[in-house]
Amino acid sequence: MMKFLKRSIGMALLLVILLTGCTGDKSEASITKEDEKTIENFLNSYLEQFNYSEKEWEDLIEQIESKISDYDPQGSQWEETLNDDPWLAQWTEVLTQKEIERLIKNGWLPNLSLREYPGTKYTIENLEKTDDPDSYIVKVELKNIENGDIDEKIDIPIDMADTEEERRIGYIDFEKFNSLFTVKK
């Protein structure tokens with residue numbers, strides 16, 4: 001009887017171990033390296049705007065204003081604008097053209113509001129897969145907002161899209177992020 005009890009306990013433990021191993025976080029396992037790299041490259045480049053010097057902001061604004069003033073989303077010069085401007089061109093490697101246009105129209109690329117928050121630090125904490133095979137949630141910690149008064153942890157939903165070149169970010173939900181960074185009066 002004792003032998004049977006020991007064997008049963010051993011089998012139960014083995015079963016628990018196997019089940020625990022099999023029910024691990026499937027979302028992290030299904031994150032492709034390509035998607036992870038694209039999302040991290042985008043966020044690191046985008047959030048780097050917190051670290052721009054005043055001179056970098058002035059140069060960027062002047063450069064972008066001269067290119068965007070002739071912007072016609074239907075026109076052929078749009079692709080030329082993206083390709084001729086090094087700051088805008090960097091985004092073509094991580095964003096779809098449609099998403100670049102949307103971010104520019106919303107004033108989020110470049111995000112001039114971030115100019116007002118130079119002390120803000122960020123950490124990309126986690127990338128999680130959602131139930132949708134092309135969607136992710138990025139957990140970002142923001143510190144020192146308003147010169148140390150505010151720390152926030154937010155989720156940024158991101159949808160990936162297949163393009164002719166490679167996978168790109170097709171949509172970023174920046175609503176919650178941008179609600180933290182309004183232009184100071």
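Model, not experiment: these values are computed from the prediction.
Judged purely by atom type and a 3.5 angstrom limit, Ser135 has no side-chain atom pairing as donor or acceptor with the backbone of Thr130. The closest donor-acceptor contact from the side chain of Lys55 to the backbone of Asp59 lies at 3.5 Å or more, if one exists at all. Side chain of Asn144 to main chain of Gly119: a donor-acceptor pair is present (N/O by atom type, distance under 3.5 Å, no hydrogens or angles). Looking at Asn44, its side chain does come within 3.5 Å of a backbone N or O of Glu40 through a donor-acceptor pair. Without hydrogens or angle criteria, Gln90 side chain to Trp87 main chain gives a donor-acceptor distance under 3.5 Å. At distances below 3.5 Å, not a single donor-acceptor pair connects side-chain atoms of Lys105 with backbone N or O atoms of Trp108.
For the pairing with Tyr46, the side-chain contact (heavy atoms from CB on, under 4.5 Å) check across Ile172, Leu114, Leu103 returns one residue only, Leu114.
At a threshold of 4.5 Å between non-hydrogen side-chain atoms, the residues Lys121 and Leu142 do not count as touching. You'll find the side chain of Glu93 stays beyond 4.5 Å of the side chain of Asn41, heavy atoms only. Gln49 is not listed as a side-chain neighbour of Glu56, based on a closest heavy-atom distance of 4.5 Å or more. Between Glu54 and Pro118, the closest side-chain pair of non-hydrogen atoms is not below 4.5 Å. With a 4.5 Å cut-off on side-chain heavy atoms, Arg115 and Ile61 count as touching.
Looking at every heavy atom in both residues, Ala161 comes nearest to Thr96 through CB-CG2, 4.1 Å. Nearest heavy atom pair, residue Arg167 against residue Thr38, reads O-OG1, 3.9 Å.
Ion pair Glu99/Arg102 flagged as a salt bridge, since at least one NZ, NE, NH1 or NH2 atom sits closer than 4.0 Å to an Asp/Glu carboxylate oxygen. Glu141 has no carboxylate O lying under 4.0 Å from a charged side-chain N of Lys139, or vice versa, which leaves the two without a salt bridge.
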Original post:
Would Glu48 and Tyr122 count as a side chain to side chain contact (heavy atoms under 4.5 Å, CB included) if you check the C-alpha gap in whole Å, the side-chain angles of each, and the deciding distance to 0.1 Å?
Top reply: CA-CA 9 Å; Glu48 183 63 28; Tyr122 68 91; 4.2 Å; yes

**OP:** Give the intermediate values and the outcome of side chain to side chain contact (heavy atoms under 4.5 Å, CB included) for residues Ile104 and Leu88.
**Re:** CA-CA 10 Å; Ile104 288 172; Leu88 285 174; 4.0 Å; yes

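In Glu36, the CD atom is crowded: over 12 heavy atoms of neighbouring residues, nucleotides or ligands sit closer than 6.0 Å.
The hydrophobic clustering, which links ILVMFWY residues whose side-chain heavy atoms are closer than 4.5 Å, places Ile137 and Phe42 apart. Each of Val140 and Tyr171 belongs to its own hydrophobic cluster when Ile, Leu, Val, Met, Phe, Trp and Tyr are linked at side-chain heavy-atom distances under 4.5 angstrom.
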Which atom pairs, donor and acceptor, lie under 3.5 Å between side-chain atoms of residues 174-181 and protein residues at least two apart or in another chain?
unit_1, atom_1, unit_2, atom_2, d
Asn178, OD1, Asn111, ND2, 2.6
Asn178, ND2, Phe174, O, 3.1
Ser179, OG, Lys176, O, 2.7

